[in-house]
Chemist: 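After the structure tokens below, expect a handful of questions from me.
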Amino acid sequence: MNNLFVFAGTTEGRDFTSAFLEGVKKTGSQEAWRVHVFTATEYGGELLQDSPEMLEIHTGRLDADGIFQALVRHKPAYTVDCTHPHAREISLNLQAACARADCRYLRLRRGAVKLPPGLHVREADTLEEAADFLRTQEGTILLATGSKELSPFALPELRERVFVRVLPLEESIRVCKTLGFQTKNTIAMQGPFSEAMNRALLQDTRASWLVTKDSGTEGGLTEKLSAAAQEGVAVIMIRRPDEPEALSLEEMLSILLPDSWERKIVYLIGAGGGSKSGMTGDALRAIKDSRCIIGSPRLLAGAEPLITGKPRYALTAAAEIIACIAQQDEPSIGILFSGDSGFYSGAKRLIPLLRERGWRFAVIPGVSSLSYFAAKLGLSWEDAKIESLHGRTANILSSVIYHPKTFFLTGGETSASALCKILNDAGLGDLTLHIGERLSYPDERFTAGTAASLEGQRFDSLSVVMVENPSPRPADLGNYSLPDSAFTRGAVPMTKEEIRAVSLSKLRMKPDSIAWDIGAGTGSVACEMALKAKEGWVYAVEQNPDALDLIEENRKKLGIFNLTAVPGTAPDALEALPAPDRVFIGGSSGKLEPILSAVLAKNPLARVVINGITLETANAGASLLKKYALKDADIVQIAAARAEPAGNAHLMKALNPVFIISGG
């Protein structure tokens with residue numbers, strides 16, 4: 001018997017399961033399948049209460065380990081993800097667990113909703129972006145995004161005029177109270193909601209704005225938008241995450257029940273720099289054997305005259321390419337990719353889609369821009385850090401500082417010229433850059449110089465850059481605590497080395513952490529936080545002007561680039577900072593509770609470490625750990641002593657005992 005796992009939201013999971021069961025019935029294979037449907041809440045389970053015998057319903061939230069254990073126990077042939085498109089955590093957990101258990105993962109794609117006429121819609125990528133915009137607008141806001149998405153709106157200037165609609169669950173109500181939303185503004189109701197019900201809520205709240213997620217045709221979005229259009233309410237809609245691997249219902253059923261699935265041969269061809277002269281013999285043969293060709297306009301033009309007379313399609317998006325292949329009657333299709341098909345290539349997204357559909361494919365490697373460029377320069381590249389800036393973000397300074405060579409595929413806003421400016425502004429203007437433009441084309445060009453000398457020059461958008469750093473920072477810097485002597489102190493208090501070591505251990509910094517050091521003093525903790533968060537950023541908040549000067553002096557002394565000193569007093573100075581995942585509070589000036597409240601309003605999941613030397617601070621910290629129900633709550637006291645010479649002997653000199661309070 002084949003087991004099938006279905007992780008369902010509400011309606012979408014039910015519709016998929018019903019369609020699958022109907023397909024099984026038509027093929028007469030009822031005895032071959034047992035379907036396990038997982039829903040987070042009893043409400044989700046109720047949607048499937050009329051299930052046939054071959055269904056088993058599992059209710060309750062599972063983390064990645066719980067999913068993995070279920071996969072090991074039942075060994076399903078497939079796991080189908082029908083959860084909400086904005087519920088990224090469960091989808092990521094499913095993908096991780098399936099990869100670990102070697103189970104095929106399929107994601108169901110929701111259809112796009114049609115906007116009603118006359119509706120005013122403003123799109124935003126994140127709820128933080130939506131909240132920032134609404135801070136500048138007037139009027140009441142109805143927030144219909146769920147209890148997990150409230151923190152960006154828990155701002156003093158928004159909270160009083162926001163009505164939140166959440167499920168009538170104890171956890172949802174607790175989150176609303178913790179974030180400070182008024183009880184009279186909390187609407188605890190269970191859907192589905194009709195257009196009439198949505199209109200009634202908009203009328204009762206006198207809403208000027210409705211904030212919702214683009215959840216597609218399922219989940220009641222159509223009814224929300226229609227109600228808003230009828231009531232003249234403007235909508236802020238949070239865009240759906242990009243899901244290029246997601247499948248339509250029809251595509252999903254074709255994979256699970258593949259009686260009539262057509263097989264093709266698809267060549268994924270690495271076309272080198274894009275010109276015919278830069279293609280390998282295998283690539284040229286694959287192009288010749290392909291009956292139709294897909295690729296970007298530049299690559300299609302470079303493949304002439306090999307593709308003369310063949311159908312060609314100027315496409316680059318994976319979903320569009322798959323749709324195009326599905327419509328082709330040709331038995332062989334070639335898809336052109338720039339450089340090598342395994343090096344920052346669109347082939348990475350396409351291969352899983354081809355596998356899910358059962359289509360045969362062959363990957364033809366090409367000459368990557370890195371290997372071509374390094375060969376032209378006469379440089380080895382096994383010690384190079386590789387970064388792509390094509391539609392991606394990268395910590396450019398971190399890569400350059402910690403590696404002898406860094407290779408950049410430039411693109412978007414980060415051109416070769418912009419890269420020179422970033423390095424020059426960071427005090428790295430003396431580093432040597434090699435810039436290659438239009439590689440493999442007749443007009444290719446190579447330029448070398450320092451970042452300072454090249455800044456302001458114009459380079460082709462089709463450029464690559466190699467940055468050489470003859471003195472890279474040691475890779476293990478940040479793995480150990482620095483001695484107090486590494487910092488300039490002056491007359492400003494400084495957290496001692498022994499206390500820093502334990503505090504930072506409790507803080508559990510990540511390489512990409514966005515962190516705050518509140519009451520930063522000399523910046524000793526902030527500097528070590530920045531060294532640990534090589535791919536992240538640290539904000540050191542301090543009200544003392546002399547301390548701010550010391551923070552900047554120590555930052556420069558240690559060559560730290562990812563640290564910003566923020567003048568001001570917490571919690572007011574925290575408002576403009578990005579949401580942190582790690583926060584160290586070394587000084588609170590008696591405002592520990594409002595500071596912690598401001599931290600958790602930005603990110604309820606932030607991990608916090610508080611240092612205090614008084615019993616009052618320890619007592620306040622313990623009370624706040626309990627009040628805000630922080631996970632992994634812990635309080636320790638460190639009493640350290642150092643040996644100091646006393647004539648021919650040594651005596652131990654005690655440091656002030658310090659309470660280290662942590663949680664989150």
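Sequential numbering from 1 along the given sequence is applied to the chain's residues. In this text, all values refer to a predicted model and were calculated from it rather than measured experimentally.
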Chemist: Side chains of Ser481 and Glu497: is there a donor and an acceptor less than 3.5 Å apart?
Modeler: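 Ser481 vs Glu497: no donor-acceptor pair found between side chains.
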Chemist: Nearest 0.5 Å, what's the CG-CG distance between Asp517 and Leu563?
Modeler: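 It is 8.5 Å, given to the nearest 0.5 Å.
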Chemist: For the OG1 atom of Thr140 and the CZ atom of Arg206, what is their distance to the nearest 0.5 Å?
Modeler: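 Answer rounded to 0.5 Å: 8.5 Å.
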Chemist: For this output row, return yes or no: ring centroids of Phe133 and Trp209 closer than 6.0 angstrom.
Modeler: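 Between Phe133 and Trp209, the centre distance is under 6.0 Å.
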Chemist: Return yes if a side-chain donor-acceptor contact under 3.5 Å exists between Thr617 and Thr614, otherwise no.
Modeler: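 The answer is yes; a qualifying pair exists.
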Chemist: So, the side chain of Arg159 versus the backbone of Leu179: is there a donor-acceptor pair under 3.5 Å, distance only?
Modeler: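 At least one qualifying donor-acceptor pair exists.
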Chemist: Using every non-hydrogen atom in the two residues, find where Leu108 and Cys82 come nearest and quote the distance to one decimal.
Modeler: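 The answer is CD2-SG, 3.8 Å.
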Chemist: What I'd like to find out is whether the side chain of Ile401 reaches to under 4.5 Å of the side chain of Leu428, using heavy atoms alone.
Modeler: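 Of all side-chain heavy-atom pairs linking Leu428 with Ile401, at least one is under 4.5 Å.
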Chemist: Taking CD1 in Ile613 as the centre, count heavy atoms belonging to other residues, nucleotides or ligands within less than 6.0 Å. Is the count above 12?
Modeler: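 Open.
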Chemist: Start with the C-alpha distance between Met237 and Leu221, add both sets of side-chain angles, then the distance that settles side chain to side chain contact (heavy atoms under 4.5 Å, CB included), and finish with yes or no.
Modeler: CA-CA 10 Å; Met237 189 153 62; Leu221 180 61; 4.1 Å; yes
Chemist: For the side chain of Gln190 and the backbone of Leu167, is there at least one donor-acceptor N/O pair under 3.5 Å apart?
Modeler: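 Absent.
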Chemist: Please check if the number of heavy atoms outside Lys653 that lie under 6.0 Å from its NZ is greater than 12.
Modeler: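 12 or below, so no.
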Chemist: May I have the step-by-step check of side chain to side chain contact (heavy atoms under 4.5 Å, CB included) for Leu600 and Leu596, ending in yes or no?
Modeler: CA-CA 6 Å; Leu600 297 179; Leu596 188 57; 4.2 Å; yes
Chemist: Quick one: are Thr522 and Ile551 in side-chain contact, heavy atoms under 4.5 Å?
Modeler: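 Counting from C-beta outward, Thr522 and Ile551 never come under 4.5 Å.
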Chemist: Starting from the C-alpha separation in whole Å, work towards a yes-or-no answer on salt bridge (Lys or Arg N to Asp or Glu O under 4.0 Å) for Arg508 and Asp632.
Modeler: CA-CA 12 Å; Arg508 303 174 190 170; Asp632 299 330; 3.5 Å; yes
Chemist: Take Arg165 and Thr186 through the side-chain hydrogen bond (donor to acceptor under 3.5 Å, both in side chains) test and state the conclusion after the steps.
Modeler: CA-CA 6 Å; Arg165 189 172 81 184; Thr186 302; over 6 Å; no
Chemist: Is there side-chain contact between Ile585 and Ile595, with heavy atoms separated by less than 4.5 Å?
Modeler: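 In short, these two side chains touch, coming nearer than 4.5 Å.
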Chemist: Taking Ser513 for the side chain and Lys510 for the main chain, is one N or O donor matched with an acceptor at less than 3.5 Å?
Modeler: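 Yes, because the side chain of Ser513 sits within donor-acceptor range (under 3.5 Å) of the backbone of Lys510.
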Chemist: Could you tell me whether a side-chain N or O of Gln182 sits under 3.5 Å from a main-chain N or O of Lys184, the two making a donor and an acceptor?
Modeler: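 Not confirmed, Gln182 side chain does not pair with Lys184 backbone.
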Chemist: Determine, stepwise, if the pair Lys602 / Glu575 fulfils salt bridge (Lys or Arg N to Asp or Glu O under 4.0 Å).
Modeler: CA-CA 9 Å; Lys602 284 275 190 175; Glu575 185 176 340; over 6 Å; no
Chemist: If we ignore hydrogens and angles and just use 3.5 Å, is the side chain of Asn185 paired with the main-chain N or O of Val162 as donor and acceptor?
Modeler: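 A pair under 3.5 Å: yes.
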Chemist: So which atom in Glu138 and which in Ser208 form the shortest heavy-atom distance, rounded to 0.1 Å?
Modeler: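 Smallest heavy-atom distance, with atoms named: O-CB, 4.3 Å.
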Chemist: At their closest point, which heavy atom of Glu387 faces which heavy atom of Ser399, and how far apart are they?
Modeler: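 Heavy-atom minimum between the residues: OE2-OG, 2.7 Å.
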Chemist: Tell me, with the steps shown, if His58 and Thr39 meet side chain to side chain contact (heavy atoms under 4.5 Å, CB included).
Modeler: CA-CA 6 Å; His58 307 264; Thr39 64; over 6 Å; no
Chemist: Would you call the rings of Phe561 and Trp537 parallel, tilted or perpendicular, taking 30° and 60° as the class edges?
Modeler: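 Taking Trp537 first and then Phe561, their aromatic rings stand perpendicular (interplane angle over 60°).
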Chemist: Closer than 3.5 angstrom, by distance alone: can the side chain of Asn619 be matched with the main-chain N or O of Leu615 as a donor-acceptor pair?
Modeler: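 Not confirmed, Asn619 side chain does not pair with Leu615 backbone.
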Chemist: Is the shortest heavy-atom distance from the side chain of Val636 to the side chain of Phe659 under 4.5 Å?
Modeler: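 Counting from C-beta outward, Val636 and Phe659 never come under 4.5 Å.
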Chemist: Looking only at atom types and distance, does a side-chain atom of Asp512 sit under 3.5 Å from a main-chain N or O of Gly536, one as donor and one as acceptor?
Modeler: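 Here the side-chain-to-backbone pair does not exist.
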Chemist: What's the separation between atom CD in Glu498 and atom CD1 in Ile638, rounded to the nearest 0.5 Å?
Modeler: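 If I round to the nearest 0.5 Å, the distance is 10.0 Å.
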Chemist: Evaluate whether atom CG of Asp125 has more than 12 neighbouring non-hydrogen atoms of other residues, nucleotides or ligands under 6.0 angstrom away.
Modeler: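 More than 12 within 6.0 Å, yes.
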Chemist: From Thr205 OG1 over to Leu143 CG, what is the distance, rounded to the nearest 0.5 angstrom?
Modeler: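 It is 11.5 Å, given to the nearest 0.5 Å.
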Chemist: Start with the C-alpha gap between Lys627 and Glu593, add the side-chain angles, then the distance that decides, and say whether salt bridge (Lys or Arg N to Asp or Glu O under 4.0 Å) holds.
Modeler: CA-CA 10 Å; Lys627 177 178 179 179; Glu593 181 165 6; 2.3 Å; yes
Chemist: Return the CD to CD1 distance between Gln137 and Ile236, rounded to the nearest 0.5 Å.
Modeler: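 One finds 7.5 Å between CD of Gln137 and CD1 of Ile236.
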Chemist: Are the charged groups of Arg555 and Glu552 less than 4.0 angstrom apart, N to O?
Modeler: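 Yes, Arg555 and Glu552 are salt-bridged.
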Chemist: Measuring only between side-chain heavy atoms, which start at C-beta, is Thr145 closer than 4.5 Å to Phe153?
Modeler: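 No, too far: nothing below the 4.5 Å cut-off.
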Chemist: Looking at Asn562 and Ala533, what are the two nearest heavy atoms and their distance?
Modeler: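 Residues Asn562 and Ala533, closest heavy atoms: ND2-O, 2.7 Å.
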Chemist: Indicate yes or no: at least one non-hydrogen side-chain atom of Val467 is less than 4.5 angstrom from one of Phe408.
Modeler: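 Contact flag for Val467/Phe408 side chains = yes.
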Chemist: Are Arg607 and Asp581 close enough that some pair of their side-chain heavy atoms sits under 4.5 Å apart?
Modeler: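 SC-SC contact between Arg607 and Asp581 ruled out.
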Chemist: Among side-chain atoms of Ser524 and Arg489, is any donor-acceptor pair under 3.5 angstrom?
Modeler: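 Judged by distance alone, the side chains do not pair up.
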Chemist: Verify the distance criterion only: is there a donor paired with an acceptor across the side chains of Asp81 and Tyr105 at less than 3.5 Å?
Modeler: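 Short answer, yes.
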Chemist: Does Asp65 offer a backbone N or O that forms a donor-acceptor pair with the side chain of Arg100 under 3.5 Å?
Modeler: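 Absent.
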Chemist: For side chain to side chain contact (heavy atoms under 4.5 Å, CB included), just list the numbers for Thr564 and Val538, CA-CA rounded to whole Å, side-chain angles, deciding distance to a tenth of an Å, and then say yes or no.
Modeler: CA-CA 6 Å; Thr564 299; Val538 176; over 6 Å; no
Chemist: Has the side chain of Ser172 got a donor or acceptor atom that lies under 3.5 Å from a matching backbone atom of Pro168?
Modeler: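 Side chain of Ser172 to backbone of Pro168: no pair is present.
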Chemist: Roughly how far, to the nearest 0.5 Å, is CG of Leu651 from CD of Glu644?
Modeler: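 Reported to 0.5 Å precision, the distance equals 8.5 Å.
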Chemist: Please lay out, stage by stage, how Asp484 and Arg642 fare under the test salt bridge (Lys or Arg N to Asp or Glu O under 4.0 Å).
Modeler: CA-CA 12 Å; Asp484 290 346; Arg642 293 177 176 176; 2.6 Å; yes
Chemist: Would you name the heavy atoms of Ser91 and Arg107 that are closest together and state the gap between them?
Modeler: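 For Ser91 versus Arg107, the nearest heavy atoms are OG-NH1, 3.9 Å.
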Chemist: Is the backbone N or O of Lys534 less than 3.5 Å from a side-chain atom of Ser398, with the two atoms forming a donor-acceptor pair by type?
Modeler: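 Yes: the side chain of Ser398 pairs with the backbone of Lys534.
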Chemist: Which atom pair, heavy atoms only, marks the closest approach of Gln637 to Pro657?
Modeler: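 Distance-wise, the nearest heavy atoms are NE2-CB, 3.9 Å.
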Chemist: Is the number of heavy atoms from other residues, nucleotides or ligands within 6.0 Å of CZ (Arg122) greater than 12?
Modeler: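 Result for CZ/Arg122: open.
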Chemist: Can you confirm if the NZ or CZ of Lys224 lies within 45° of the ring axis of Phe193 and under 6.0 Å from the centre of its six-membered ring?
Modeler: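 Judged by the rule (NZ or CZ under 6.0 Å from the ring centre, within 45° of its axis), Lys224 is not positioned above Phe193.
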Chemist: Do Phe584 and Ile518 touch side chain to side chain, with heavy atoms closer than 4.5 Å?
Modeler: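 The answer is no; the side chains never approach within 4.5 Å.
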Chemist: One thing to verify: whether Lys506 and Asp634 come together as a salt bridge, which I'm taking to mean a side-chain N less than 4.0 angstrom from a carboxylate O.
Modeler: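 Looking at Lys506 together with Asp634, the answer is yes, because their closest N to O distance falls below 4.0 Å.
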